[in-house]
There are 2 protein chains.
Amino acid sequence: MTVEPIRWSEGGLHIIDQTRLPLEYREIELKTLDAVWEAIKMLRVRGAPAIGICAAFGVLVAVKEQHPSDAGAMRRRVAEAAGYLATSRPTAVNLFWALDRMKRAAEGVDGAAGAEALWRRLESEAVEICEDDKARCRAIGQHGAPLIRDGYGVLTHCNAGALATGAYGTALAVMYSAQEAGTSFRVFADETRPLLQGARLTAWELTRAGIDVTLICDNTAAQVMREGRIQVVVVGADRIAANGDTANKIGTYNVALIAKAHGVPFYVAAPLSTFDRSLPSGESIPIEERDPGEVTEGFGRRTAPEGVQVYSPAFDVTPAPLIAGIITERGILKAPYDRSIAEAFGKAPST
Amino acid sequence: MTVEPIRWSEGGLHIIDQTRLPLEYREIELKTLDAVWEAIKMLRVRGAPAIGICAAFGVLVAVKEQHPSDAGAMRRRVAEAAGYLATSRPTAVNLFWALDRMKRAAEGVDGAAGAEALWRRLESEAVEICEDDKARCRAIGQHGAPLIRDGYGVLTHCNAGALATGAYGTALAVMYSAQEAGTSFRVFADETRPLLQGARLTAWELTRAGIDVTLICDNTAAQVMREGRIQVVVVGADRIAANGDTANKIGTYNVALIAKAHGVPFYVAAPLSTFDRSLPSGESIPIEERDPGEVTEGFGRRTAPEGVQVYSPAFDVTPAPLIAGIITERGILKAPYDRSIAEAFGKAPST
């Protein structure tokens, strides 16, 4: 088992405080609704699936904190907690999805049932959200593992790892599964400016799992490919349009272009919940801008002139023709993506 | 006139301390041979041409410091100072070239001449090294300026600016000349990991000159091109082989590839002194590795796990076919480069 960023154990919510990585590994218990909200807001937990899982358990924390006297009070507390947690990070789609599941679970229990039955239903829903995510990640890893062969160099960008999910991760799940299969390979991790998730989180996760990882600056990936040291690229995704265009952390499109120039296949790993089939193409995915301070003083020290203009989009869109395949829990989707994506959903009516 | 990183005035050597940029603009006077050595070693002056100029004036500082009693003692001091300064940064080729010029100047003065005549010869040699560099940079700017048209977005990488030369710079000279010509354009500066010369120096220089500059992370350049905001790329060079293959700061090759993918012309700006015609191609240019600490704790704070492997080459090689032209003081060289480079040198027997 890989690292698990979120654990529900003995009725308490425990998370790895990711803001302290890689210097310090610290598990903290979130004992109040406010503490859960703060942990999501301050990126102690990050990665869309992990945020959703944390919020689901956060509803349980909110209920326990208040000790509601009956099922009606408990239902009101669930609605209140869900409404509050939804304000922690308004852009993460999995947050709303998980909170909706918790609200529906509360509403789905017979009105005559007691507080204890309602609690059991809520707890099992949150656990299922978490376990379901782990199972999807595991399946992604198993479908993708054969893409990594003995002696390969694998490039990844940002952190699409266990830390971003319930466990295993998406892109990194492929590497964990390859490791389990006994494949010998080496990973190159882009440090991923501005927030250095590659340096802080991916390098940490892979080192901890005993996978051979080498950290590089983002601008070095092309040189590493030119040296013939990369045979496959695997990255995660934030949102995938109906035609396969993929939004992911800024710099992913750059990696896709240089992989193409070197004939290196570029794969995206993501569960079906990452697909947004309401968008016909990546052109309709909005590009958000980040705080310039992340670029000019992201390391506790100012490294650019005062007042300089900064352009810092949070993500970019990789056009589908640059993507060799999308590794999902239902197998590897191939071009033409509009058809393969539609088919994957056709086979998965419950998603 | 742009910023001048090195000034010889009233018999004293004054430099801008580049380690304090962009937070603080401070000119310091280097009054001893040791101070000059330390300034080069500690990157208070950096950029190959600037290092050569600083070392030439450093020989004068060493002579003044000692007050040699006659021409013979002065010659010995010149040889001693040149030998010592050559140990400050053993890889910068312009350092040795400039020190050799100073030694030859000392030896070229008639043995019967007095100390005062020898001093005048040394001072005029150092001033000529500096003025010659400024003139070459100025000519590069004038040849390259027409490549930038009204409304263009210009991308550059690292700092090939006034701060790296006597004045004007190489790649940035093109921008300064375009500005003088009244052209309206916008620059995007890659921050240039690991040492952030783009953020610290290029953004500072261009802001100070009143040129519209926007700072981006290196991994964002492809997205900016995709948005149609870049019409031309201009970068500097560390060494250019006889076939046009160009070694420059790590990440330059990445920029060349993404420029190609977007149909954006990619230009190199460099004086003929940057060409190494003894190398038939870029394959024979050695790739030096930098200190991993620049990647893992380059901002005063550790940002990667202890003991993680790091690959940090100092530069990469851009193959000549990716280069639209090489802007030199003798005009813009075009493919086939083996021929155009040989012709440029044929027309410049003094170089």
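Within every chain, numbering begins at 1; the chains are lettered A, B, ... in the order of the sequence lines, protein sequences first and strands thereafter.
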Notebook entry, point to check: With respect to chain A, which residue among B:Asp212, B:Val224, B:Leu215, B:Asp190 yields the maximal number of heavy-atom pairs within a distance under 4.5 Å?
Noted result: B:Leu215

Notebook entry, point to check: Are the side chain of B:Asn219 and the backbone of A:Asn219 linked by a donor-acceptor contact shorter than 3.5 Å?
Noted result: no

Next item on the list: Please look at B:Glu227 and chain A and tell me whether the side chain, the backbone, both or neither of the residue comes under 4.5 angstrom of a heavy atom of that chain.
Entry: side chain

Notebook entry, point to check: So does A:Glu283 have more than 12 non-hydrogen atoms from other groups sitting under 6.0 Å from CD?
Noted result: no

Next item on the list: Mark yes or no for whether B:Gln223, through its side chain, and A:Asp316, through its backbone, hold a donor-acceptor pair below 3.5 Å.
Entry: no

Check: If you count heavy-atom pairs under 4.5 Å between each of B:Thr207, B:Val213, B:Thr214 and chain A, which one has the most?
Finding: B:Thr214

Next item on the list: Could you tell me which portion of B:Ser312 (side chain, backbone, both or neither) has an atom closer than 4.5 angstrom to a non-hydrogen atom of chain A?
Entry: neither

Check: Do B:Leu257 and A:Lys260 come close enough that some side-chain heavy atom pair is under 4.5 Å?
Finding: no

Next item on the list: Answer whether the closest heavy-atom distance between the side chains of B:Val295 and A:Cys217 falls below 4.5 Å.
Entry: yes

Item checked: Proximity breakdown for A:Glu191 and chain B, heavy-atom pairs closer than 4.5 Å -> side chain

Notebook entry, point to check: Under 3.5 Å, is there a donor-acceptor pair between the B:Asn254 and A:Asn254 side chains?
Noted result: yes

Margin query: What part of B:Arg290 gets within 4.5 angstrom of chain A, counting heavy atoms only: side chain, backbone, both, or neither?
Written below: neither

Check: So what's closer than 4.5 Å to chain A heavy atoms on B:Thr296: side chain, backbone, both or neither?
Finding: side chain

Note to self: Taking side chain as everything from C-beta outward and backbone as N, CA, C, O, which of these in A:Ile250 sits under 4.5 Å from a heavy atom of chain B? Side chain, backbone, both or neither.
What the structure shows: both

Notebook entry, point to check: Is the closest side-chain heavy-atom distance between A:Leu23 and B:Arg302 below 4.5 Å?
Noted result: yes

Notebook entry, point to check: What part of A:Val255 is in contact with chain B, defined as an atom under 4.5 angstrom from a non-hydrogen atom: side chain, backbone, both or neither?
Noted result: neither

Next item on the list: Under 4.5 Å heavy-atom distance to chain A, tell me which part of B:Val308 shows up: side chain, backbone, both or neither.
Entry: side chain

Note to self: Less than 4.5 Å apart, side chain to side chain, heavy atoms only: is that true for B:Arg208 and A:Pro305?
What the structure shows: no

Next item on the list: Count the heavy-atom pairs under 4.5 Å between each of A:Ile216, A:Leu196, A:Thr303 and chain B, then report the option with the highest count.
Entry: A:Thr303

Notebook entry, point to check: Among B:Trp204, B:Tyr253, B:Phe188, who wins on heavy-atom pairs under 4.5 Å with chain A?
Noted result: B:Tyr253

Check: Relative to chain A, which of B:His157, B:His262, B:Met225, B:Arg193 shows the most heavy atom pairs under 4.5 Å?
Finding: B:Arg193

Next item on the list: Tell me, out of A:Pro319, A:Gly307, A:Ala261, who's got the most heavy-atom pairs with chain B below 4.5 Å.
Entry: A:Pro319

